[in-house]
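What follows is a short report on a single structure.
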Amino acid sequence: MAGSLFVHASGSRRSSFEVGGCTETLLRMLPQGERPALAVLTSGGDSQGMNPAIRATVRMGIYCGFRVYLVYEGYEGMIGDGEPPLNREMIREATWASVSNVTQLGGTIIGSARSARFRTREGRLLAARNLVRRGINNLVVIGGDGSLTGADLFRREWPALLEDLHRSGAITERQRMDYGLLHIAGMVGSIDNDFCGTDMTIGTDSALHRIMEACDAIVTTAQSHQRAFVMEVMGRHCGYLALVSALCCEADFLFIPEEPPAPDWPDVMCNHLSKARTQGGKRLNIVIVAEGAIDKEGSPISAASVRDAIVQRLNYDTRITVLGHVQRGGAPSAFDRLLGCRMAAEAVLALVDARADPDLPSTVVSLEANQAVRLNLMDCVQRTKAVNEAIMAKEYARSVELRGKSFQNNLITYRTLKKLHSPAASLQSRTASPTLLVVMVGAPACGANACIRSFVRTGISNGFRVLGVNGSFEGLARGNIRQLTWECVTGLTATGGSFLGTKRATAAEVGLDKISDALAKVGNLSGILLIGGFEAYTSMVQLHESRLTYPVFGIPLLLAPCTISNNVPGTDFSIGADTALNEIAQIIDKLKQSAVGTQRRVFVVETMGGNCGYLATLAGLAGGADAAYITEDKFDLSVLLDDVRHLKKKMADGSAQQIGLILRNENANENYSTDFVYRVFKEEGKGVFDCRSNVLGHMQQGGTPSPYDRNLATKFGVKSADWFLRAHSAATAAATKNSTDGEVVGDAADCGDDIDSLSVDSHLARAGIIGITRRGTAIRPLSELLPVTDFKLRMPRADTQWWLRLRPLLRILAKHESVYESDSVPRTLSEQSFVSDDQVWITLG
């Protein structure tokens, strides 16, 4: 059972762990010298997001009662601690202030190295001696599969190593007995995302940010000169970065080790690039090459060989860009900061569980969709090695399968969108085709255009005619509808805003009779995709509940949630929310940097989000905030004053970074406005700190979509179009059956109300929402979501919001008393990897 930490902030302030159903006294009640010790190290290649993970490990460890040590320079530092001639202390005890103001830093503040000595038993013997001397027998290891494999070997050898050390007199009998077992918890830090068992490793999202920044910049110059660009990205043994980059930048061709082309790839590629220009109307070509790309015979494919093939066969002006270590650099993305915090908290609690149950194997904390899971470390390592073995054996389909559902779905999506035109276009006239309508409703959010592009192209490939409404329901009422072609959505993935234009007015506010009249004029209408936030959700409810009065509303309706507020029921994440979080995180970084010279300054920052506190809470966790005030978590003046006292105490500690950060959701409290909060802190903090107020406003809606939002939106669009195809096929089959049975049938939309459940297999159901949940992405029926919707506050009911469980972690990492329960579930690798598509449609990476 995953451990839960219950920390009571009242009365005697007694605290307890609940581990495996048994309660033990919190370790921090012990005298400092008697507390168990925990060490954290980073090993192998560095990746952005390691520093937030280090910070959370140190602070969660201290909070739980551990003495926490930082191991500098990875395993090499563990071996060389105090080693002559430098005699440097490489294992140092950490304090709360040791990890202040590091969340925004790339790389790793404690250094990383690849250690040849740790691969030898003599090296591991020295490492064990240095740990035991400090009373350390709990390790959090952040690294790739090699680093984690070494940690597990260290754990298995530990008793024998201690026996040897005792025999040689290096440690005492008491030390051998007290530290006889080594407990390991791992987190995967790797930009390649090459570790089986997790959908996302720490650093991958940040690396994708660097790649997308380069791709977006290259596209503008490539268009100007009608050039082709060959971009080489990292991924010696894994094509994840190349694959997702290709999806997010609309690349024309892709080379990855898991799906190599035939030896005649130069002819196939050049034919495709040529058609992209002559048939697709493109002025440029982008080819993405993973550094480990090969053909089916195992021969390497380099960026230079790709360029030479294009120049020789097509005579295009072709340039190479090798991004190299740029992909490892820069500040971590909001996603990686949050991932590092969540994984670190779970890793510390996993060590608590291991202390209570020594028979537990080494654990790696991973991410499956939006669910933190604990897996057997070596099971994951063995599967990761099996992927490389499959590639070496030329069993490429097997390698894709072993990569897991996330990789497979990314690959399938790329294949779908790579096509140049509808394969069904020559088989039927467009006017006779079943028709899908796209309507965007509500405020703009980055990623909406990527959803439109993938929906249009997949819909056309599925034989639909796709129409777009300009200007939401107001435009629909005026008949402002246009056909969306394959070519007209080219290049939309990287653009912010709304390609179709959007308004906040709901269907009822525009007039249901007007909407009905407009839809009746659309021939062969088979479904409507709504893209938007709570206004779109409300509109779908209005259309669905009015279908008896207006029969045209009886067609399938689907909502792709797209709002920075992330307040749509049925999904853990909405398109646009990740981009907004990154915008906020970057602004917070700049604000904090501005106060480095001044010191003793507190920033009160207002975020958007309507009544939903998602942005304020997650931005607070990513930015290292001291507090975040939101509607869902009631607060009063006493809470504000408590936080003032907390900041005064923080400022008095000269060892800590003397900067404070308070976030407030725009509608957190009608009386305690942002200006009021600012004035309270300014007045009560006089003589200790000064205060500044910042309202971020519409900057949060701007910019270019983040890689996560591009990927999420693209998959929502593809899966939505596929669902409409299955719904249309099922409706057609039902109509044909009824006709054969002698029944009189009309439009496919009139097939009755006995199919309103919208399970994945109930394709005739009337209305649903596609969304990502704790276990993956699925479509949920509107009828299931209405009871958990708070229409007054325009958001899901608070007790259904997953992110509220992270608020205690935000408080703990800011040195407040709070209550945190483990967010993870224990699972085997086989349970994780073979979830059926009937349960999970997409697993996002």
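The structure displayed is predicted, hence computed values, not measured ones.
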Closest contact, heavy atoms only, [X] versus [Y]:
{"X": "N449", "Y": "G496", "result": "ND2-O, 3.1 Å"}
{"X": "L615", "Y": "A580", "result": "CD2-CB, 4.0 Å"}
{"X": "P52", "Y": "T103", "result": "CG-O, 3.5 Å"}
{"X": "L492", "Y": "E250", "result": "N-OE2, 3.1 Å"}
{"X": "C248", "Y": "R710", "result": "O-NH1, 3.1 Å"}
{"X": "A494", "Y": "P705", "result": "O-CD, 3.4 Å"}

Between [X] and [Y], is any pair of side-chain heavy atoms under 4.5 Å apart?
{"X": "F676", "Y": "L640", "answer": "yes"}
{"X": "Q701", "Y": "C446", "answer": "no"}
{"X": "C562", "Y": "S574", "answer": "no"}

Looking at [Y] and [X], is there a salt bridge between them, counting it only when a charged N and a carboxylate O are closer than 4.0 Å?
{"X": "R210", "Y": "D205", "answer": "no"}
{"X": "D690", "Y": "K682", "answer": "no"}
{"X": "D192", "Y": "R236", "answer": "no"}
{"X": "R811", "Y": "D643", "answer": "yes"}

Classify the ring geometry between F681 and Y629 as parallel (under 30°), tilted (30 to 60°) or perpendicular (over 60°).
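The arrangement is tilted - the two ring planes meet at 30° to 60°.
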Specify whether F635 and Y672 have parallel, tilted or perpendicular ring planes, treating 30° as the upper limit for parallel and 60° as the lower limit for perpendicular.
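Ring orientation, 0 to 90° scale: tilted.
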For M651, is there any backbone N or O sitting under 3.5 Å from a side-chain donor or acceptor partner on Q658?
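Checking the backbone N and O of M651 against the side chain of Q658, a donor-acceptor pair under 3.5 Å is found.
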Within 45° of the axis and under 6.0 Å from the centre of the six-membered ring of Y72, does NZ or CZ of R92 qualify?
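Output yes; distance and angle both within limits.
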